[in-house]
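Worksheet: the structure to be examined is printed underneath.
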Amino acid sequence: MESGGVNEGRLSSDGEGVGHQNFHSLGERQQRTLLLHGYILSITSNAVSNATNDAASLKSWKRIPGPRTLPILGCALQFLPGGPLHKLTGYNFSEYLFNNYGSIVRVEGLFGTPPFILLFDPEDMAQVLRSENWTPERPGFDSLEYFRKKYRNSDPEKSTGLLTEHGDKWKSFRSAVNPVMLQPKIIKLYNTSLDEVAMDMIESSRVGCVRPLSLFYSDESADEVEKRSLVPRSRSHARLRRNATMSHAFSMRSLRNNQNMISEPFDVEMNKWALESIGVVALGGRIGCLRTDLPPDSPARRLIQCVHDIFRIADELDFKPSLWRFITTSNFKRAMKVYQEQIDLSKHFIQQARKQIDEKKITGTEEKGVLEKLLEVDETTAVIMATDTLFAGVDTAANTIIATLYLLAINPDKQAKLREEILSKDERRPYLKACIKESMRLLPIVSGNLRRATKDYNIKGYLIPKGLNVVMNHEFISKQESQYDRPKEYIPERWIHKSEESVNSRAHPMATSPFGFGTRSCIGRRIAELEMETFLARIIEHFHVEWFGPPLKQETRSITYMGSPHLPRSSYISFGLDKPSKNDIEATERSCLLILFAIDRLHLLIVGRLRHVFVSSSTNIPTPAKDV
């Protein structure tokens, strides 16, 4: 995790920079040490980032292979029914592109979105990420950026936050919050609070009663699943056997039916846990997400809905074809409303926390937490960081835990080894950390890193100009045999220093990067790791996890969600975001047909006009005089 600054290279004992080739001659531990400290290593002549000197010898980025495109529509037809990219998402999408076009692929944008260059070679990824300038640009969430900068008429001189800023304003804001968000001493203050949230979900009161608790991920009834479980079980849906009973009004026990199945959507419950945990840090106290008596219009219930709706609506606007950049669509209006509501709710909870902070100043002298220190910067900074933390930290943490529980369930030997470590009370817990890290490699929530090039690059003989979007496909790389032995298997030992798997590892440092790279890496990494480690340890301590039924499936939106193929949109019901109605679907289809018709008419008009100009020009050409 870097601490703010970035060096353009690290000097060795002889004064020379650690170049690209020298880097790979170092041991793996030395490589990881350099990367963890955020050093950007010098690149050798075959990986020169500034390609202007030999631009004439480079091919245009438009010649990079990729799916067929059309004017305005881009490669939209490839994603329609019958097209080769229809229904391909996540890893399958990346695999198709790599197999058909190679290690560098061009994908044209749709309806005003910029084109993307996808990289599948870790050396090329390293070239881009290590040679960035002091303020790397990470695009995405354009609708949120529009809301903060234009829709709200924000002061152009002030920063709108880490998610939506670039350049000097981003650097200034990051420098202000780094000492708070990355300070281990401050983060450790939340050990007890996060453990209380975890125990409220577990709610263990006495040991000795072993009872089953299953995570119900199917559209079948609990009775049907229970009947089917009489036959040999396949490894899917999770089943937790309790090592302790529970009595809290809202806990894993209260979610069980009489077959000891959790019939509620488990992803929803994990989102509640994640929001409650993040709220402790970002909003200064417990929100109340785990209470069963929350009124539908309560601030806590509205915030739960709001955080989840933001990801769904941002996915529709920013990561799928949308006309909001040209016209005010219904989704755009909904997004502006949801973004504003999140800010209002964040202010509400921060004001409550501020009252508690003022009281604490009078009655005690406790160490200051994250929110208190951010409020010392200014309230605007505290509100922005709270909204960004909720935006980026809830669904990501919840789905990482679901993925980890699934992988531990289908690998009982790894689960047993983890439980042994937890019960040993080893405070370092290396295997716990390794289990989470391996799940982020095998089932990552974010498949890669995105950058907007801040300079020209020479990548595989193509000129990648400044301003073009470049995607680093870490998930695809991390599942290749060229990087890891048995890459599709769950082996936490890969991340244990001096283990056999670690010693034999040949993975490129860029193969796996769940928290990003460089100065734009995740600022909430320490908080997220503590939150997930605390909760996972409590679950494994009190439950034995099993999985039966259909395999866990992934659904790729703005991030990757873990869920069942039977309930890909279960969160619709719980978080209040309506499914598109039949009228909405028909209206969208009519809009698409009108656009296609308009493009066709425009094409005929241009061709007809050119033909008219050509004919007119031909008739006006003077006839050469005949020889006399």
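No hydrogens, no waters, no symmetry mates; every other heavy atom, side chains included, goes into these values.
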message: Using the side-chain hydrogen bond (donor to acceptor under 3.5 Å, both in side chains) definition, which of the options Ser94, Ser103, Ser478 pairs with Asn473?
response: Ser94

message: My understanding is that only residues two or more places apart in sequence, or in another chain, count here; which of them pass side-chain contact (heavy atoms from CB on, under 4.5 Å) with Arg538?
response: Asp195, Ala198, Met199, Ile202, Glu541, His542

- prompt: Among all residues two or more places apart in sequence or in another chain, which pass the side-chain contact (heavy atoms from CB on, under 4.5 Å) test with Glu529?
  reply: Phe515, Arg525, Glu533

Heavy-atom closest pair, residues [X] and [Y]:
X: Met181; Y: Ile527; answer: CE-CD1, 3.6 Å
X: Arg506; Y: Ser482; answer: NE-O, 3.4 Å
X: Pro136; Y: Thr519; answer: CD-OG1, 3.3 Å
X: Leu97; Y: Pro67; answer: CD2-CG, 4.0 Å

Pair listing, salt bridge (Lys or Arg N to Asp or Glu O under 4.0 Å) test, anchored in residues 457-482, at least two apart: Asp121-Lys460, Asp124-Lys460, Glu475-Lys479

task: Please tell me if the side chains of Leu468 and Pro115 come closer than 4.5 Å, counting only heavy atoms from C-beta onward.
output: yes

- request: Answer yes or no: is there a side-chain heavy-atom contact under 4.5 Å between Ile459 and Val128?
  value: yes

message: If the threshold is 4.0 Å, N to carboxylate O, is there a salt bridge linking Arg106 and Glu108?
response: yes

- request: Take Lys417 and Glu493 through the test salt bridge (Lys or Arg N to Asp or Glu O under 4.0 Å) and record every step on the way to the result.
  value: CA-CA 11 Å; Lys417 187 174 180 178; Glu493 287 79 6; 3.0 Å; yes

Donor-acceptor pair, side chain of [X] and main chain of [Y], under 3.5 angstrom:
X: Gln483; Y: Ala511; result: no
X: Gln78; Y: Thr69; result: no
X: Gln554; Y: Gly90; result: no

statement: Arg452 meets the salt bridge (charged side-chain N to carboxylate O under 4.0 Å, His left out) criterion, sequence neighbours left out, with Glu137

- prompt: In this structure, which one of Val105, Leu450, Val470 forms a side-chain contact (heavy atoms from CB on, under 4.5 Å) with Phe116?
  reply: Leu450

query: Can you name the side chain to side chain donor-acceptor pair (under 3.5 Å) partners of Trp273, sequence neighbours left out?
result: Ser277

message: Take a 6.0 Å sphere around NZ of Lys433 and say whether it holds more than 12 heavy atoms from other residues, nucleotides or ligands.
response: yes

statement: ring pair (Phe, Tyr, Trp, His ring centres under 6.0 Å) filter on Phe141, not counting sequence neighbours, yields Phe319, Phe391

